[in-house]
Amino acid sequence: MARQHARTLWYDRPKYVFMEFCVEDSTDVQVVIEDHRLVFSCKNADGVELHNEIEFYAKVNCKPVWLSVDFDNWRDWEGDEEVELAQVEHYAELLNKVSTKRAPPAMDDLDDDSDSADAPSA
């Protein structure tokens, strides 16, 4: 049976490249990270052997293979400053709306007789 490539997703940041090999129910997983390449291999649930070999453009700093990203708790710290700044600007706008001093409403439509109507007559 011929080897196939595993579907692979990647994204990059200024100093990092992330790769995710999408194989459900994988067995016999092997990951080799060298200075200029990465080799991924495994078998899927049907026993098909998957193999990816990726040559890097430049030397990479190898991380231990037992260390991986917990995507369930992932937080992209890049760009958080923009989110926080947008939140601060939003709250500042709300405060400006609330604290804007306006002239008190005119009470011309209230007449003096309405108070006397509620008072008991003597």
I need the [X] [atom1] to [Y] [atom2] distance, nearest 0.5 Å.
X	Y	atom1	atom2	result
Gln4	Asn44	CD	CG	7.5 Å
Asp25	Thr27	CG	OG1	9.0 Å
Cys22	Leu50	SG	CG	11.0 Å
Arg3	Lys43	CZ	NZ	12.0 Å

Are the side chains of [Y] and [X] in contact, using a 4.5 Å heavy-atom criterion?
X	Y	value
Val39	His51	yes
Leu9	Phe18	no
His36	Lys59	yes
Leu38	Phe21	yes
Phe56	Glu34	no

Any donor and acceptor pair, going by atom type alone, linking the side chain of Asp46 with main-chain N or O of Val48 inside 3.5 Å? no

For the backbone of Ala6 and the side chain of Thr8, can you confirm whether one donor and one acceptor N or O come within less than 3.5 Å of each other? yes

Do Trp10 and Ile33 share a hydrophobic cluster, counting only Ile, Leu, Val, Met, Phe, Trp and Tyr and linking them when any side-chain heavy atoms are less than 4.5 Å apart? yes

Is it the case that more than 12 heavy atoms not belonging to Asp12 sit under 6.0 Å from its CG atom? yes

